[in-house]
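In what follows, a structure is listed as structure tokens, so that the remarks can point back to it.
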Amino acid sequence: MSLRLYNTRTRSVEPFEPHEPGHARIYVCGLTPSAEAHLGHARSFMFFDVLRRYLTHLGLRVTYVQNVTDIDDRSIAAAKGTNTPWTAIVEGYYASFKRSMSRLGVLEPDHEPRATAYIAEIVETIAALVERGHAYAVEDGVYFAVRSFPRYGALSGRNVEELLIGARIAAGENKHDPLDFALWKIAKPDEPSWPSPWGAGRPGWHIECSAMSHALLGEPLDIHGGGFDLIFPHHENEIAQTESLVPPPMANVWMHGGLLQFDGKKMSKSLGNFEPLATLLDRHDPQAIRLLFLQAGYRKPLNFTEESIAGATTGLRRLQAAYDAFRTAPAAGSSGGDVESFRTRFFGALDDDLNTSGAVSVLFDLANDAAQAIERGAGSAASAFFHEALSILGISPSQRKIVEVAQTTTRTFTDGGESLTVVAPGDAEARLPADTLDRLRAAIPAEHLHLNGQTKADAVSDVVKARWLAKRRRDFALADAMREALGAIGVTVTDRKGEASWIVGA
RNA sequence: GGCGACGUAGCCAAGUGGUAAGGCGGAGCUCUGCAAAAGCUCUAUUCCCCAGUUCGAAUCUGGGCGUCGCCUCCA
């Protein structure tokens with residue numbers, strides 16, 4: 001296999017070889033739905049989506065597990081003081097997250113295990129750790145004894161002595177060592193709980209991943225992934241738990257996606273400084289967000305700004321236009337040879353630790369060469385390549401177009417044997433200003449204004465039709481005046497042969 | 001304080017020893033009455049600074065400056 005991936009565990013790029021030939025087993029740390037998902041989550045899961053798609057493209061069977069930590073301190077805190085049960089809060093946020101992932105074209109995981117559905121496995125794992133002397137039960141719960149695991153800190157490059165500085169035991173915790181972390185937390189009154197040999201309680205953060213990855217995939221995992229911020233302590237603790245029970249390594253390759261910044265600032269749950277993903281996706285084309293993320297290296301931090309998403313939106317349109325041109329190119333000619341060099345570069349980039357930025361640049365190169373490629377008869381070869389490449393990247397150029405078409409209304413006018421189709425946005429009526437009719441009447445001479453439609457949107461289409469007639473008379477001064485009048489109420493008109501479309505806004 | 005990442009054009013960004021991908025923006029031209037779209041062309045003698053290694057460095061080494069992240073919940 002020619003794919004090479006960066007491995008956090010070894011800090012180097014290595015050839016990827018699945019433990020079980022032909023089958024890649026991936027575990028990615030998913031969401032803790034105690035708040036709305038944000039764009040940083042989107043970046044992370046979108047990257048692993050591309051990884052999945054590429055491994056599949058390479059002919060591997062991929063089993064992709066992405067857990068849901070559906071019980072933790074935050075979700076309990078979120079429910080406190082409300083009449084809503086914590087489960088409803090968690091499921092609400094998770095459903096919202098799933099909707100957003102779907103809009104972003106992220107494939108569904110093969111398994112999305114919830115921690116609360118694996119309490120038995122979690123308890124069993126903790127019991128085994130206690131039995132082997134890696135964990136101990138005290139009054140408030142069960143803790144993992146970090147000192148019992150000599151390799152602690154290997155993944156994140158820390159050592160126990162340094163970690164000790166600044167570490168402290170919080171009030172109410174009875175752990176023996178400040179570095180120890182909770183495997184099981186005994187429930188306080190009114191807290192959700194499950195029975196266990198140590199008392200009713202809930203799992204600590206980290207243990208659910210050890211238990212569920214073991215149950216669903218076993219060790220070693222081929223790839224264990226998550227965001228950069230999970231390296232410590234989450235993944236370090238997972239390793240300590242799992243490798244205290246099974247032979248190392250827990251995972252052959254550890255992959256971590258770079259964090260997203262929003263207008264130069266870090267996003268985090270504690271700061272609460274982010275726009276929910278769901279509303280952000282209303283303002284921006286999910287496909288453009290995908291392209292934006294793919295144009296940067298997955299391991300590097302990326303700063304999201306209005307300017308950068310605007311640029312990606314424009315770039316996406318160009319890729320779409322090129323793909324459309326290839327698809328509709330005459331089938332004649334079979335010169336697909338020169339597309340091969342683009343293919344080679346594209347897959348070479350992906351093989352190099354998923355260099356999607358380099359891969360995307362190849363598509364732009366081919367798009368820039370579209371006119372000539374079609375002339376050389378390479379249109380269908382280029383179309384096939386584009387289709388293949390875009391599906392690996394998870395970009396579906398046709399998707400938006402279909403949505404747009406579904407949301408438009410058309411009216412056709414005929415005059416002297418010629419016809420004009422006026423394409424208008426489906427939501428135009430609501431978006432047009434209230435005084436649309438008055439302003440059109442004021443701006444356009446009455447003899448040219450025949451408003452037959454019943455609605456504001458119909459009236460605009462009537463003006464577009466009148467403008468078409470004026471153009472055919474070569475009365476450009478009038479035609480331009482009409483476009484100006486439309487512009488004044490926020491309508492932009494675009495002429496094509498036999499068709500004119502208008503939208504509200506730019 | 002400890003650990004780590006990064007610093008490439010107006011903005012975003014790839015490239016980690018062989019002479020600066022790509023996107024956005026900008027400029028000019030072609031084509032359309034104009035506009036939009038499309039097409040053509042141009043847009044970093046240079047990669048934070050200084051020193052060094054080398055025939056050769058954005059890429060390696062050392063020093064400096066700056067930005068950010070982790071060390072506490074986080075994708």
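Everything quoted here is computed from the prediction, not taken from an experiment. Chain A is the first sequence line, chain B the second, and so forth, proteins listed ahead of strands; every chain is numbered from 1. Side-chain atoms are counted along with the backbone in the values below, which use heavy atoms only and exclude waters and symmetry mates.
Between the side chain of A:Arg158 and the base of B:C71, no donor-acceptor pair under 3.5 Å is found. A donor-acceptor contact under 3.5 Å links the side chain of A:Asp480 to the base of B:G33. Judged by atom type and distance alone, A:Thr494 does not reach the base of B:A36 through any side-chain donor-acceptor pair under 3.5 Å.
Within the 4.0 angstrom heavy-atom criterion, no nucleotide atom of any strand lies near A:Arg299. Note on A:Gly225: nothing from the nucleic acid sits closer than 4.0 angstrom, heavy atoms only. Nucleic acid contact for A:Gly257: none, since no nucleic acid atom lies under 4.0 Å from a heavy atom of the residue. Across all strands, A:Asn355 comes closer than 4.0 Å only to sugar-phosphate atoms, never to a base (heavy-atom distances).
Contact annotation: A:Arg11 does not reach the phosphate of B:G4 (side-chain N/O to OP1 or OP2, under 4.0 Å). For the pair A:Lys300 and B:G69, the criterion of a side-chain N or O lying under 4.0 Å from OP1 or OP2 is not met. Side-chain nitrogen and oxygen atoms of A:Gln372 include at least one within less than 4.0 Å of the OP1 or OP2 phosphate oxygen of B:C40. Applying the 4.0 Å criterion to OP1 and OP2 of B:G23, one finds that A:Asn368 has a side-chain N or O inside that range.
Of the P atoms belonging to B:C49 and B:G10, the separation is 14 Å, rounded to the nearest Å.
One finds the NE2 atom of A:His224 at 8.5 Å from the CD1 atom of A:Ile239 (value rounded to the nearest 0.5 Å).
Considering A:Ile122, A:Ile76, A:Ile186 as possible partners of A:Arg202, the one that fulfils the side-chain contact (heavy atoms from CB on, under 4.5 Å) test is A:Ile76.
Between A:Phe45 and A:Phe97, the gap from one ring centroid to the other is short of 6.0 Å. A distance below 6.0 Å separates the ring centres of A:His256 and A:His235.
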